[in-house]
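The sequence lines fix the lettering, A, B, ..., with proteins before strands; numbering per chain opens at 1.
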Amino acid sequence: MAVNKQNHKSSSRLKLLLEKRHIWFAMLSIAAVLAVYPFVVMSSSSSAPEIVPPGGSHNGENVEQPIEFPHNTHVKDNGINCMYCHTYARRSKVAGIPPTSKCMGCHKVIATDKPRIQKLTEYWEQKSPPPWKKVHDVPDFVHFTHEKHLKRFVFDQDFPVENVKEVCAFCHGDVENMTVAHKVKPLNMGWCKTCHINNGGPGDCWACHK
Amino acid sequence: MSKHCVMGLFSDFDEAFAAISDIRKTKVPGVSVDDVTLKSPIEHPEIEEVLGERPVHVQKFTLFGAIFGVTFGFFFLAGAQATFLVQPQGGKAVVPLPSNFVLMYEMLIFFAVWCTFFAYLFLSGLLRKRHTLYSEKVSLDQVGILIDVDEDCLEPIKDLFKRHKALEIREEVLR
Amino acid sequence: MSLENLLGNWSQYRKGHEEGGFHDYKHLWGMAIDLDICIGCNACATACYAENNLAVVGKERFEKGQAMHWLRLERYWDQNELDHPAQGASFLPMMCQQCDAATCEPVCPVAATYHTPDGLNAQVYNRCIGSRYCSNNCPYRNRYFNFYSYYEDSWPEPLNMQLNPDLTVRDKGVMEKCTFCVQRIRVAKDNAKMENRPVADGEAMTACAQACPTNAIVFGDYMDKDSQVAKLWKKHQVKLRLTKQNKENPELRGYRIFEELNVDPSVMYLERVREEV
Amino acid sequence: MYNEKDINEQIAWAKINADVLRSMENPRKGYWLAVLICVLMLICAAFAEYIQYTTGMGPANLNNPHMWGMYISTFVFWIGMSHSGTLLSAILHIIHADWRKPIYRFAEAMTTFSLMTAGLFPIIHLGRVWNMYWVLPYVSDRGHWPNFRSPLVWDAFAISTYLSASMLFLFIGMIPDLAICRDNAKGWRKKLYTVLSLGWMGTDRQWRNFRKTYLLMACFLIPLAVSVHSIVSADFAMSIMPGWHVTTFPPYFVAGALYSGCAAIITLFVLLRYFFRFEEYMTTPIMEKTCKLTFAIAMVWTYLNLVEFCSVWYGHDIYNKEVLIAKATGPYAWVFWIMIFCGSVVPFTLAVQKLRRHMPTMFVVSLLLNLSMFFERWMIVAPTLSMSHDPHQWDIMYASVVQWAIVFGSFGWFGLLFLVFVKIFPSVSMYEVKEMVFHRRRHLVNEEAAARFHRRKDDSQTTTGEPGLEGA
Amino acid sequence: MSGKIDRRNFLKIMGLGGAGTALGGCDLPSTVTLEEGKEEVVSYLMPEEYVIPGVGVWYASTCAQCAAGCGIHGRVREGRVLKLEGNPDSSMNHGKICMMGQSGVQAHYNPDRIKTPMLREGGNLVAVSWEKAVGAIQEKLSAANGDQVAWFTGTLSGHQAALVSNHLEALGSRKHYIHEPINASVWQAVNKDMLGEAMPRLRLDKAQMILSFGADFLGTWISPVHFSGEYAKFRKQKRRGLLVTIEPKMSLTGANSDLWIPAIPGTEGVIALGIAHQLVKNHSKDMSSLPASVQGLINKYDAATTAKIAGIDEKRIQRIAELLVERSPSLVLAGAPVEGQAKGYASVAAVMLLNQLLGNIGQTIESQGSFPFNQLKAKTGGTSDLFSFVETAKNKQLSVVFFYGTNPKFTAPKAMEMDSALNDVPFKVAISMFMDETSMAADVVLPAASYLEDWGTHVAAYQPQQTAISMQQPLMEKLYAETRGFGDIVLDLLKVAKKDVYSAFADYYAYLKNAHAALPAEYKEAGMTDGDAWSAALQKGLVNVATGSMSLPVKPVSFGDPAPADSGGKFAYHFVPSARLGMWDGRHANLPWIQEAPDQITKVVWDSWAEIHPLTAQKLGIKNGSIINVESEHGTAKVQAVLIKAIHPDVIAIPMGQGHEEYGRYAKGRGANPLKLLNPVKEETTGELAMYATRVNASPTSQKEVVVRLGASDTQAGRRFVVTVPVEQYQRTEGA
């Protein structure tokens, strides 16, 4: 390899290149593209009263529950409203797990022969509720409240309450078709924040962190 | 006709200087001063008297880096500040220029320095495979002259080197 | 969003300068503390411990100045007293003054402390990295730092069952301070919002104001012109956004501490009164 | 009185190579002992940091008024130290003071290493160290950015810029020397230098670009160094705290930085000269010049100190004044007066020629100067926190064992880096000494020729460089 | 109330999940704490009525942290009580609460609570079952002669007091010792004699001037929260009320006075007489209705004599008399330093005489009216029962004693030999939440439920404008299954002692509900069932009681010369065991909030200390923070010296409350107990312990410690922190 020669040649080519004016435009346009990227990161539509469901997906782990509760049977096959069991959702920050008595209300007579129901009955008789595992868990410093989200997306919109599962699905996914619930949305801050921006939610940090 | 590369080592710079000026003067056909490379343990800017002016372009990259740094700095900072959902303002500007100037200044220098560095690596032909015709004595105290010549000019050059009391002459065939 | 946000904020900034900054706030929580009837009984400070999950640090750490009292009751003696403090002691409940131009805010490297749209000076614990600059830049020295994981020994079981679940228990390395009981404000605002009505005066109440046996601490919304606190500020001719108050009646008792530093605190104190006998 | 030359221009180039390369070989027992000491110091710091990491900032004795302690003052100290390289190398390079050539390399290394030490302190002092990267502007889905108005973010930017720039400066300046090392080394060193020298051959093209790059770097390094220490001063000056909110802080900090940098150069000068037998390169006249420079900076520092006191005094800001009075009379008075004595009185020894030619004296003096500078930083950080606006929170604070251990260990860390450096990299710039020798010899030859031409007899006085200060 | 265990389970797991710690130690919060299936969420077995997880509900109850009986609201969430606030319906505290009341939750959740009954076996207290513990008690009770059984309690009122009385009655004993170290017993005795009513209603809000002789009504006197509210009204009157305090060591009230005058304890009576002298001589107040002996005393203490004895400037005395006349109606009060002397009764009577002379009675001192339910009235006490208990015990006249709500082993002076008296009682039953000193000495310890998990009623001794029976209801399930409410324990005793009456009640709750149902019809709204009325009472937290209005007849009281007689001998300094709001008599020393709350005056935390005037300290060679020995005839206390000007130079004060030998991790081994030093001097008329009559000496040791206190500077260093303006300016702008 004729290094020396090569060097001279390349340097003279470069010299040509450098003397051309348009190189400056090229360089500055690279700079401009790079410089606006923070704008691009956050760009999205402005707040509006209509509902923009949050996107995003998450491949949740399969959580082992004491009883493999089949959400599909209850919601899809039997058409039970989410808030029938998760009754606190409209009144409190937590949606609540139904008390065992509520399960037993039906299952004293329904499907008593199924092993899962027998397990439930066992818990009931031992007077200890099943130790459910938390699937949708946000960090302790996040103060999410179901009550206000339902107000925003259901009650303020005159959204039919019987279809509330569509709103629940924003964050909990298609529970209707799940057996044991698992996480299908990221539930992380960026995700929450995007939804807040799209739906005109508060942008104040203290809205969630106290 | 194959190309050859010759290197002569000289005990001091004055000898090398004289040798190059001889090359320039004698005008051996097929040998151009442009093909001469001086290898020295220290810098000899005065060699340009005989080698001819060879321009340096590093500063242009530096300028580019500086301009890029300062514009990027501004847009980056302003963009980031504008995208805070809640503006920590307390009645103060969202894009506060005085404090942004500080960071723009730093970014100017940051990019300028790095651009200079990479331009230097690029323009001085570093980071390449080393020429085989290299004597470790160049890094000690001797001065080398490297010249690419056609085969037929080889001897005159060697003679010229010898005339100038070259301590050692090496050659190599270029492919 | 972002560009819009930028422009919107820019105009807000301009407007802020013309009209005094806080006019776009929906609420501006403020306080008025009457030092004449503050008896220095510590009820407010203890209420703060109870409400805000404040760690009890113990004697050794208290000695080192690592206590976590968000509200401290300062006690001063007259400078020119002779043998005895003939006019008693001066008590001063000192909590975060929720400055409108807070000096702590611009210095936080990660923007963990910022100004909320309620005019509060917020501290986001989970964003804080513990550089402690905010505390250094607070002339009131009202920011407290978690020098240890206090929760480990401050609430031995079952004392931890008392912890207020509405706010975070802070771990080591995090700055914290008085929030004007933001969780209580939040509840009041939420209740009002659920019922689609404005927040009533006295509905949002800090724990200290709630406890104060003499009602020396008055808390409320400065933007609500009918609130007790707004009336008091008005009565004492103290205005926000001023470095120096231009009172028609300079004898009125309202004043703000370190007003001259231009930090624009949201707490107005009323001067202590003593009768020369 | 003393008419020595900066350097013996007749010194053979081969000897230069040999001398410097010798210094990089065969560490003696003393070297390993020094390494061991440094490692032990570092272990102290690591242990202290472990305690602090696991239990919180409490063991450091920080408290409500004193949210910052010796970590920050040591941070400022090391940042200040880092200005030595810039001063000696960049500034003197630009003004063509060629006497810098034998000593700038280690000064530059000092710059880099003290920056690497300084940069640790803001991290160590964080309450939640594990989240330190939040200060950097990185893209995340949360859309979080640091608060660019905070001087601490400026610090992060400035230090990273300064660190990368000074490392590049050090590295670029070392490439020709690395090539020399490459040509003389064997084994792993050969590989290392081959990689690091980036294929340097000393061609005229490389030299041309090299010279330009080096000059450009130097040009950027000077304003950068000034801005870095101004930004460090902004950590204080941008606050509203009495004693911190001072307009003269940026120049005061820069002067202090140059001062401590110079003092540290003297210290290391003496040490290297003694341990590596560099007497021929680190000569007494060069020491004298360094001392004179230090003396000048010491006087600038003294002046700025006085200006600060005066402006506080005449400004009549009560809080500021209180802090100033407390500095001089309060619990930290002993620190203050040691700082004044060592920083403003002791440097007069540098003006005495006899003393400044005496290496052991200069070693001690330079340590005293650095002590003064260390105390100066403490006097900046502590009294303001102890005596700020709210008298209710007044307090006195001395650093705890944990703080001391980490500060102590930082010296070990710096020492270790430096010790590794001197054995791996040439601590005297060989090619530049050669240049210096070359040019001086050529100058001498010309002078002699001129002298012969003018038939002057007396040519003994016409050595190059400046003559010594007569009978100081 | 279904599923007790489940609910508690729920609390512990789900509740704490919500409260939990926030910022996990070294984790990156955003990555690590977003977890799935790691945390358990426990549901109810049965839905709890009224309980919505995540929503706090406020329930009314009554504070039992001191005897004042303020109404409280407790915030309950997920079955846990989280915070206590004042009950706005209570005319006692109008929704306000003091630091002690706030700390009630810490007593309730205290980690050092007794969880099981304990029985002394082989010298040690061992955990036993309730059956065994109660069996042991019943065994001793049946063996004992009825009159040898006694109850030793703190102030009791409401149905608890009634049950205790009934228990004693059933056993045929009249021995109910009631002990409160912080009391107003002598003042009450004087009132009883003078006004016919021990606890008249004080109208601070109507007074133009209050002259307080050591009555710390803002801090520790009778009903501090109520008086604080009244004080605010007193200050905010059209003409701002004037407060003058005369006391040996600055109390919280003293700290808020317009004029604070330090006085040697014991000379207050003389000062009062000196003022009376001025009133009679210069302001033509009529003293003709007074007994001749009193007239003689008034004549005796002219300004010069008073000034000489009390060490107060003559002009001050004249000026105070002038002000009292000028600002009528006024209110003159006497507190512990006046009472706590051998001649305490005379001193208090001399002070109350001023009210009589000034015509305040009927103006600012009103009758409480007659309370219709005599059995529910507060049973208050002081320190005289300590003497009688020790005497009776030493005479071996006691075989079984029940202790509740008091800790005499801690509060009795060493010289009283309480320890040996307790040893002389063969069987002691302590009903307590904590292992305090007395419980440690008991033979059976019964774990009491906290007042936040217990039922009860309270009728405070001092009733504000609206008299009420305060309701106490559990705010949450019992924390420990083995604890029992005090009412239940006494009821169980009564079920044995008086089976025919009490076996009808399943538990104390049933008893109370029944008692409420038995209230006259005017206590229930028309058309309400008993159940509704009961719910309404619980919801409001009180039952208002109509009291007949009564006037106070003033009876002249004759008393002796209150001038102090003794010189103290070799002990040069007057000793003041001062009371602190918060620590009280030491019963709250186990609450971390109280320990960490700075003392109001000295701002010291977590310790006890001796307050000394700087001049005295200089004389004794004591520096701030020196460890000193405070030595009385009966003991020595080693404490830290705190130099403070807010004390008479002849006085050394150590606050009460610390110096526990037991009482849990926060109290144990902290500071010194000043009560141990006291001389067992009796007040001559009432037999109370003269707590302020002890003389001490102080000497420095070589040790010195940092005073751990809040705040560094005693002065504002020129800052505008607390700005004080003269009252004239206030009147120009806001008052009058």
Does the [X] side chain pair with the main chain of [Y], one donor and one acceptor, at a distance under 3.5 Å?
X	Y	value
C:E271	E:V725	no
E:R732	C:L252	no
E:K603	C:E74	no

Chain E contact via [X] - which portion, at a heavy-atom distance below 4.5 Å:
X	value
C:K235	side chain
C:A50	both
C:V187	neither
C:Y269	neither
C:D34	side chain

Considering only heavy atoms and a distance below 4.5 Å, find which of [options] pairs most often with chain C.
options	result
E:I97, E:L581, E:V707	E:I97
E:G219, E:P88, E:P224, E:A717	E:A717
E:P598, E:G711, E:A597	E:P598
E:P262, E:G95, E:P726, E:A712	E:P262
E:V105, E:L242, E:I644	E:L242
E:I601, E:L615, E:V225	E:I601

Calculate, to the nearest 0.5 Å, the distance between atoms [atom1] and [atom2] belonging to [X] and [Y] respectively.
X	Y	atom1	atom2	value
C:R75	E:T602	CZ	OG1	7.0 Å
E:Q716	C:W77	CD	CH2	12.5 Å
E:L479	C:M161	CG	CE	5.5 Å
E:Y730	C:L270	OH	CG	9.5 Å
E:I594	C:T46	CD1	OG1	6.0 Å
E:L591	C:L159	CG	CG	9.0 Å

Discussion item. Is it the case that over 12 heavy atoms from other parts of the model lie below 6.0 angstrom from the CD atom of C:Q228?
Written reply: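 No, the 6.0 Å shell around CD holds no more than 12 heavy atoms from other groups.
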
Fill in: Flag if over 12 foreign heavy atoms under 6.0 Å of NZ, C:K193
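12 or below, so no.
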
Proximity breakdown for [X] and chain C, heavy-atom pairs closer than 4.5 Å:
X	result
E:F227	neither
E:T245	neither
E:H648	backbone
E:N110	backbone
E:L323	side chain
E:R75	side chain

Closest non-hydrogen atom pair, [X] against [Y]:
X	Y	value
E:Q102	C:A211	NE2-CB, 3.4 Å
C:D83	E:K645	O-CB, 3.4 Å
C:C38	E:N256	O-OD1, 3.3 Å
C:I37	E:R235	CG2-CB, 3.7 Å
E:S257	C:R274	O-NE, 3.1 Å
E:C98	C:A43	CA-CB, 3.9 Å

Worksheet item: If you measure from the Lys or Arg side-chain nitrogens to the Asp or Glu carboxylate oxygens, is any gap between E:E85 and C:R184 under 4.0 Å?
Response: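 Here E:E85 pairs with C:R184 in a salt bridge, since their nearest N and O are under 4.0 Å apart.
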
Fill in: Short N-O contact, C:K59 and E:D607, less than 4.0 angstrom
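Judged by the 4.0 Å cut-off on N to carboxylate O distance, C:K59 and E:D607 do form a salt bridge.
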
Item to complete: Report the C-alpha separation of E:R319 and C:E275 in whole Å, then their side-chain angles, then the decisive distance to 0.1 Å, and conclude whether the salt bridge (charged side-chain N to carboxylate O under 4.0 Å, His left out) test is met.
Response: CA-CA 13 Å; E:R319 178 75 184 131; C:E275 189 163 345; 5.9 Å; no

Can you find a pair of side-chain heavy atoms, one from [X] and one from [Y], that are under 4.5 Å apart?
X	Y	result
C:E51	E:K83	yes
E:R719	C:I257	no
C:P165	E:R80	yes
C:L163	E:Y109	no
E:L710	C:H69	yes
E:L252	C:F91	yes
C:P213	E:H226	no
E:E596	C:S154	no

Worksheet item: Between the side chains of C:N164 and E:R77, is a donor N or O closer than 3.5 angstrom to an acceptor N or O?
Response: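 Looking only at side-chain atoms, E:R77 and C:N164 do not form any donor-acceptor pair under 3.5 Å.
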
Practice prompt. Please check if any side-chain donor atom of E:T724 sits under 3.5 Å from a side-chain acceptor atom of C:R272, or the reverse.
Written response: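 Their side chains do contain a donor-acceptor pair, which is all the 3.5 Å distance test asks for.
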
Against chain E, work out which of [options] has the most heavy-atom pairs shorter than 4.5 Å and name it.
options	answer
C:R72, C:E63, C:E251	C:E251
C:E60, C:M94, C:H236, C:E260	C:H236
C:R253, C:E259, C:K64, C:Q87	C:R253
C:S90, C:P158, C:A216	C:P158
C:G40, C:A67, C:C41	C:C41
C:N42, C:T214, C:L92	C:N42

Discussion item. Suppose we call two aromatic rings close when their centres sit under 6.0 Å apart. Are C:F258 and E:F721 close by that rule?
Written reply: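 When the ring centroids of C:F258 and E:F721 are compared, they turn out to be within the sub-6.0 Å range.
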
Item to complete: Would you please test C:N215 and E:K96 for side chain to side chain contact (heavy atoms under 4.5 Å, CB included) and show each step?
Response: CA-CA 8 Å; C:N215 272 323; E:K96 300 302 180 179; 2.8 Å; yes

Worksheet item: Honestly, is E:R720 close enough over C:Y255, meaning NZ or CZ under 6.0 Å from the six-membered ring centre and within 45° of the axis?
Response: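 Because its charged atom sits under 6.0 Å from the ring centre and within 45° of the axis, E:R720 does stack over C:Y255.
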
Discussion item. Please evaluate residues C:D36 and E:K236 with respect to the criterion salt bridge (charged side-chain N to carboxylate O under 4.0 Å, His left out), reporting the C-alpha separation (whole Å), side-chain torsions for both, the decisive distance (0.1 Å), and the verdict.
Written reply: CA-CA 9 Å; C:D36 186 35; E:K236 284 180 157 178; over 6 Å; no

